[in-house]
Amino acid sequence: MKQMIIHGGKPLQGDVWIGGAKNSTVALIPASILSRTPVTLEGVPKIADVDNLMDLLSEMDVVSDFHNTTLRINPEHIKMSPLPSGKIKSLRASYYFMGALLGRFGKAVVGFPGGDDIGPRPIDQHIKGFEALGACVKNENDQIKITSPAEGLHGATIHLAMPSVGATMNIIMASVTAKGQTIIDNAAKEPEIIDLATFLNNMGAIIRGAGTDSIRIEGVKQLQAKTPHTIIPDRIEAGTYISLAGCIGNGICIHNIIEEHLDSYLAKVEEMGVVIDATEDSLYVYPAGDLKMTQIRTSSYPGFATDLQQPVTPLLLSAKSGEGVIIDQIYPKRIGHIEQLRKMGADIKVEDNIILIHPTAKLHGTKVSAGEIRAGACLMIAGLMADGETVIDNADNILRGYDRVQEKLRLLGADVKIQDAPNE
Ligand code: EPU
């Protein structure tokens, strides 16, 4: 296990470059096995989730090589093999192998996915989609076994009960090679869905409407990668650095962003008083000033992202007066950061799934634990703001999704170190 050790209270300034989107990358890597030819992904973030997905690829004899920000994946000699528990449990996104294996082989055996502890995360909509395409899905001994009829999968119209990112991506992957047309209604509209569709279309798939709530897929026989694909910038990583800059920045420029992907987030933080100048693909956040309290309700894209409700919390704690409210409508139980922030002196509590925040003049460093990735990001910002030393246990959860985080924070002037946790 890793620990992040922070000596806080130092104003941070300079430049930070955002990596490729984690939540695109973790879908694109499984989707690569749909190609009959080698795949090249550019702008890949250096995060633990990528290492884990590469290990899963190797279990299927798919060779991959990650150098700088380029990931090469060769699925030419792929063997159809079950993916039992083990690594599958280490990340949620391993469930994309269900859709990818179905699209490539018409069958899949995948251990039940693990992932962040952020409350119940059912996959009924994924399964409903596979079944609509003609697949038979069985849950046996903590494994999901999926088979297709002899004639293969067929197109279908699938109405999702909620715009699920994972179900939309999984159904796209399973249906790109199904016979006929598939329509996904009430599809998720996140930018990562468009990224997946672009990647697959460049390999010969026919997917239209990605980014709207109705996606139409015409099945094709097979896919072949021909050109490298550059992953979109990580809007959640960008939002995390904006929050940090608004709390403790002394002028921070954040590069490689697509501003439009952050519209709801920027509207909220600017309303709070964070001053931002946008240029083509960079944002300059002016030195932290007085902030007003606010109320936030998360929702699907283009609403305020659930993945940013914890990283934005330190901004609310920095406000001068009033009571802040955060309601996470996507994951109401995503509250693992609250008890930890309270240990640092934060005036924050939760009542009936409503997070109530009061201004906290000073946080103090102490030992806390990152229960999941975004709780970890929130504690990291809190640690940078706090007096004294903050030790974040389970920092592995931060490394799962934040690209080169120690390097980036040090470039901004932070006193931060990631090390193996001592045996206790
Ligand atoms: N839901 C169901 N049934 C389903 C699928 C989803 O009830 O079959 C519910 C969920 O419980 C949740 C809502 O629908 O309340 C939305 O879930 P969604 O399926 O969209 O989430 P996901 O695909 O499992 C992805 C990201 C999450 C991010 C959510 C929401 C990946 C690997 N994960 O999860 O990212 O919070 O979309 O935007 O892309 C993170 O990066 O920190 C993270 C947790």
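Every number for a ligand or one of its atoms is a count from 1 in the order of the listing. This chain uses plain numbering: 1 for the first residue, then up along the sequence.
- Those atoms of ligand 1 with a heavy atom of Lys22 less than 4.0 angstrom away are 40 (C), 41 (O).
- Residues Asn141 and Gln143 have side chains that never bring a donor and an acceptor to within less than 3.5 angstrom of each other.
- The option from Thr298, Asp124, Leu308 that lies nearest to atom 3 (N) of ligand 1, judged by heavy atoms, is Asp124.
- Applying the 4.0 Å criterion to heavy atoms of Gly166 picks out, from ligand 1, the atoms 19 (O), 23 (O).
- Using cut-offs of 30° and 60° on the angle between ring planes, the pair Tyr95 and His126 is tilted.
- In the displayed structure, Arg208 atom CZ is contacted under 6.0 Å by at most 12 heavy atoms of other residues, nucleotides or ligands.
- Counting only N and O atoms by type, the side chains of Gln224 and Ser35 include no donor and acceptor under 3.5 Å apart.
- Atom numbering of ligand 1 starts at 1 in the shown order; those under 4.0 Å from a heavy atom of Met162 are 1 (N), 2 (C), 3 (N), 7 (O), 14 (O).
- The closest non-hydrogen atom to atom 21 (O) of ligand 1, taken over Tyr96, Tyr301, Tyr331, comes from Tyr331.
- No side-chain heavy atom of Glu237 sits less than 4.5 Å from a side-chain heavy atom of Ile47.
- Considering each of Thr25, Thr306, Ile193, Leu160, the one bringing a non-hydrogen atom nearest atom 38 (O) of ligand 1 is Thr306.
- Near His126, the atoms of ligand 1 lying under 4.0 angstrom from a non-hydrogen atom of the residue are 8 (O).
- At a cut-off of 3.5 Å, with distance as the only test, a side-chain donor of Asp328 or Gln309 sits close to an acceptor on the other residue.
- Look at Pro122 and you'll find a heavy atom under 4.0 Å from some atom of ligand 1.
- Between Asp307, Thr168, Val165, it is Val165 that holds the heavy atom closest to atom 20 (O) of ligand 1.
- Annotation for ligand 1: atoms under 4.0 Å from non-hydrogen atoms of Tyr95 are 22 (P), 23 (O), 24 (O).
- A side-chain donor from one of Arg297 and Gln329 sits under 3.5 Å from a side-chain acceptor of the other.
- Both the backbone and the side chain of Ile330 come within 4.0 Å of ligand 1, judged by heavy-atom distances.
- Ring-plane geometry between His255 and Trp17 is classed as parallel, the angle between the planes falling under 30 degrees on a 0 to 90 degree scale with a further cut at 60.
- Counting heavy atoms closer than 4.0 Å to ligand 1, residue Gln329 contributes nothing at all.
- Close approach to Ile373 involves these atoms of ligand 1, each under 4.0 Å from a residue heavy atom: 42 (O).
- Ion pairing between a basic and an acidic side chain is recognised when a charged N comes within 4.0 Å of a carboxylate O; Asp263 and Arg235 show no such pairing.
- When each of Thr40, Asp195, Asn202 is checked for a side chain to side chain donor-acceptor pair (under 3.5 Å) with His229, only Asp195 meets the rule.
- Note on ligand 1: Arg334 sits in its first shell, one or more heavy atoms being nearer than 4.0 Å.
- Annotation for ligand 1: atoms under 4.0 Å from non-hydrogen atoms of Gln125 are 3 (N), 4 (C), 8 (O).
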